[in-house]
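This is a predicted model, so every value here is computed, not measured. Remember, it's 1-based here, ligands and their atoms both numbered in the order they're listed.
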Amino acid sequence: MDGEHNTGVQPISHAQAFETLAGSNVSMVLADPNLDDVPIVYVNRAFERVTGYAAAMAIGRNCRFLQGPDTDPDDVKRLREAIEAREDVTVDLLNYRADGTEFTNRLMMTPIFEKDGKIRFFLGIQKPLSQLEDMLSPNAVRHAMREVQHRVKNHLSMIVSMVRMQGRSAGDARSQFDTLARRIESLQVLYQELSNPERKRNMDTVSVGTYLARLAAATQSLDGRAGIKVNVNVDTGDILTNDASTLGLIVSEVLTNALQHAFIGRETGTMELRGQSLNEGHFRVIVSDDGIGFPEGAIWPGRAGTGGNIMNGLIGQLGGSADVTSGKAGTVVTLDFPGLIRRP
Ligand SMILES: Cc1cc2nc3c(=O)[nH]c(=O)nc-3n(C[C@H](O)[C@H](O)[C@H](O)COP(=O)(O)O)c2cc1C
């Protein structure tokens with residue numbers, strides 16, 4: 001069968017094929033991962049045209065000489081990780097030509113293995129993006145997103161300081177301003193987590209463990225009393241970013257309540273924030289303290305009053321429920337949220 005299709009076709013040799021590819025308009029390099037610092041061992045003519053570096057200037061060096069001050073370290077990290085893992089990767093990153101001009105390089109990198117499975121080379125193909133391609137590249141979108149997040153984060157902290165300042169001169173209404181500031185802060189912490197460069201996931205979900213740990217640290221640092229310890233132990237798991245903003249508001253409220261009320265008249269105390277990932281996405285949050293306990297007859301969240309209504313509303317929004325036990329040994333708030341954890 002194959003013979004029929006091949007009628008009249010003269011196969012060319014490997015050497016001819018290589019010579020042809022080498023002369024193509026596509027910029028290519030080979031680097032040797034078996035040598036120290038993965039140096040370039042071959043560049044084609046298109047590489048010389050695209051980068052402005054003659055082959056003799058490039059051979060023996062690691063390709064990172066194409067990077068410069070505005071190259072995003074996250075992009076470089078992705079390349080480094082792919083090389084370490086011997087994997088393919090495509091990254092759009094900022095590179096610099098020999099004359100110092102910048103271009104966005106859509107770099108495709110792939111390992112080339114010998115028959116025995118040992119790695120022989122890495123092949124890199126460099127495509128300079130046109131202005132339009134650059135604007136539409138996932139990287140540009142990622143950078144724009146990051147910029148927006150950065151601004152939102154800054155604006156939120158500006159609002160928090162304004163609300164706190166206003167609160168200081170608000171007399172009896174101060175605690176209301178503090179509550180407001182704290183709620184905004186829990187969103188600010190969420191934005192911090194979303195713009196954390198260590199994240200690998202998209203913007204749809206956040207890691208509940210890191211988010212709640214950051215939130216607890218922020219709440220504790222606002223409290224500022226050295227004798228009060230907050231231990232955090234939260235299982236890992238991803239939750240929707242939208243759910244995270246609601247959960248953050250709830251948890252920050254519970255933590256602050258405990259910090260404000262549990263240790264009145266005491267110098268020391270311990271609180272614990274636990275997050276347990278149970279079966280079928282069920283997530284349980286337990287906030288416990290060894291403080292003085294609730295006053296007789298008090299319930300949380302209250303049925304009357306704005307604060308209580310807001311909390312009940314937020315808990316309901318996540319389809320959750322709250323249970324509180326309180327006594328002389330302290331208070332335990334248990335919050336249950338069935339189906340909160342998402343499968344990766
Ligand atoms: C075959 C190959 C081609 C590469 N081409 C480029 C390139 O065109 N531009 C670039 O900035 N980095 C390129 N790199 C990536 C860098 O050489 C280096 O691996 C990267 O900066 C991550 O490592 P580092 O953190 O040690 O610098 C290439 C790597 C390999 C193996």
Out of [options], whose heavy atom sits nearest [atom]?
atom: atom 7 (C) of ligand 1; options: Asn95, Thr110, Val38; result: Asn95
atom: atom 26 (O) of ligand 1; options: Met28, Met108, Arg64; result: Arg64
atom: atom 16 (C) of ligand 1; options: Asp32, Leu30, Asn62; result: Asn62
atom: atom 19 (O) of ligand 1; options: Ile83, Ile125, Val29; result: Ile83

Side chain, backbone, both or neither: which part of [X] comes within less than 4.0 Å of ligand 1 when only heavy atoms are counted?
X: Arg80; result: both
X: Leu123; result: backbone
X: Met109; result: side chain

Could you check atom 20 (C) of ligand 1 against the protein and tell me its nearest heavy-atom contact, residue, atom and distance included?
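Result: Gln67 NE2, 3.9 Å.
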Look at atom 14 (N) of ligand 1 and say which protein heavy atom is nearest, naming residue and atom and giving the distance to 0.1 Å.
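The answer is Cys63 CB, 3.4 Å.
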Out of curiosity, does Val43 fall in the hydrophobic cluster containing Leu30 (side-chain heavy atoms, cut-off under 4.5 Å, transitive links)?
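In one cluster: no.
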So does Asp235 pair up with Arg274, basic N to acidic O under 4.0 Å?
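So Asp235 does not pair with Arg274 through a salt bridge.
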Which of the atoms of ligand 1 are close to Leu66, meaning less than 4.0 Å from one of its heavy atoms?
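Once the distances to Leu66 are compared, the set is 7 (C), 8 (O), 9 (N).
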Counting each atom of ligand 1 from 1 as listed, which ones have a heavy atom of Phe122 under 4.0 Å away?
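The atoms of ligand 1 under 4.0 Å from a heavy atom of Phe122 are 1 (C), 31 (C).
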Report yes or no: does Thr101 contribute a side-chain atom to a donor-acceptor pair with the main-chain N or O of Arg97 at less than 3.5 Å?
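It does not hold such a pair.
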Salt bridge (charged side-chain N to carboxylate O under 4.0 Å, His left out) for Arg342 and Asp204? Distances and angles first, verdict last.
CA-CA 11 Å; Arg342 303 287 139 164; Asp204 300 340; over 6 Å; no
